[in-house]
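Accompanying notes for the structure given below.
Note that ligands are numbered from 1 as they come in the structure, with each ligand's atoms numbered from 1 the same way.
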Amino acid sequence: MKHELPLLLYDYGALEPYIDAMTMQVHYDKHHQGYVAKLNDALKDYSELQEKTVEDLLSDISAIPETIRQTVKNNGGGHLNHSFFWLALAPAGKGGEPSGKLAQALCSAFGNFEKFKEELSRLANNFFGSGWAWLATDRSGNLRTLALSNHETPLTQGLKPILVIDLWEHAYYLKYQNRRAEYVTAWWSVINWIQASKNFESLD
Ligand code: MN3
C-alpha cells in the first residue's frame, strides 16, 4: 500500500484573497507531495510497515526501525497534518459557522467565541519556528489549544484534533512574507466549521 496525496476538494484559487493560489499550489503539489514521496521511500524495504496507516505508524513510533524512525515521523506527520489541514479549510462563506455542540463546547471551554479566537491567535502568532497550532479534545472530551513543533501530531498525546493552522513559513510567506499575524487573521475567514463539527462529534 502506497501513501497517496488526498484529493483537494477545492481549486487552488478558491481560498483567495485569504490564501493565494500560488501558495496553495506549491504547498499541496510540492510540499505535501514531497512528504508523501519521502514517506513511501523510507518504507520501501519494509513490506510489513507498508500495510499500516499513517496514524498507526505515528501512534507506535517506537516500533519503527531506528534507521527510518525520524524520517517516518517527519514525513508521516507532514502527510497526516496536511491531509487534515486541507479538509479543515473551505472557501470564504462555504465553511458554515461554529454551531451546535462544538459552539457550545467552545463557549464553556473559553468563555465565548471571541476569547477562543484570541487565545488560538495569540498561540499561533507567538509560536517560535515551524509547527502547527491546534484545537483538540482530550480524553475527557474537553477542548484545549496547543502548538506543536515541526510535524508533531496531537494523536500521539491521546488528543483528538478538531482544527489546525499550519505555521510553517511555506504556508504564508509568498503572500504575507514575515507577517504571520496577517495570515492568522486571514485563516479565520476560510475555516471549514462543518468539518470541525464533524471532527468534534466523531467517536473515534
Ligand atoms: Mn505546510
(message) Whether the side chain of Gln50 engages the backbone of Leu43 through a donor-acceptor N/O pair (distance < 3.5 Å, no angle test) should be reported.
(response) yes
(message) For Lys38, is there an ion pair with Asp41 - N to carboxylate O distance below 4.0 angstrom?
(response) no
(message) Test of understanding: with ring pair (Phe, Tyr, Trp, His ring centres under 6.0 Å), list the residues that count as partners of Phe84, not counting sequence neighbours.
(response) Trp134
(message) For Lys73, is there an ion pair with Glu152 - N to carboxylate O distance below 4.0 angstrom?
(response) yes
(message) For residues Tyr176 and Tyr173: do they belong to one hydrophobic cluster (side chain heavy atoms under 4.5 Å, members Ile, Leu, Val, Met, Phe, Trp, Tyr)?
(response) no
(message) Checking side-chain polar atoms at under 3.5 Å, does Trp86 have a donor or acceptor matched by the opposite partner on His32?
(response) yes
(message) For a distance under 2.8 Å, give residue and atom name for each protein N, O or S atom next to the Mn ion (ligand 1).
(response) His27 NE2, His82 NE2, Asp166 OD2, His170 NE2
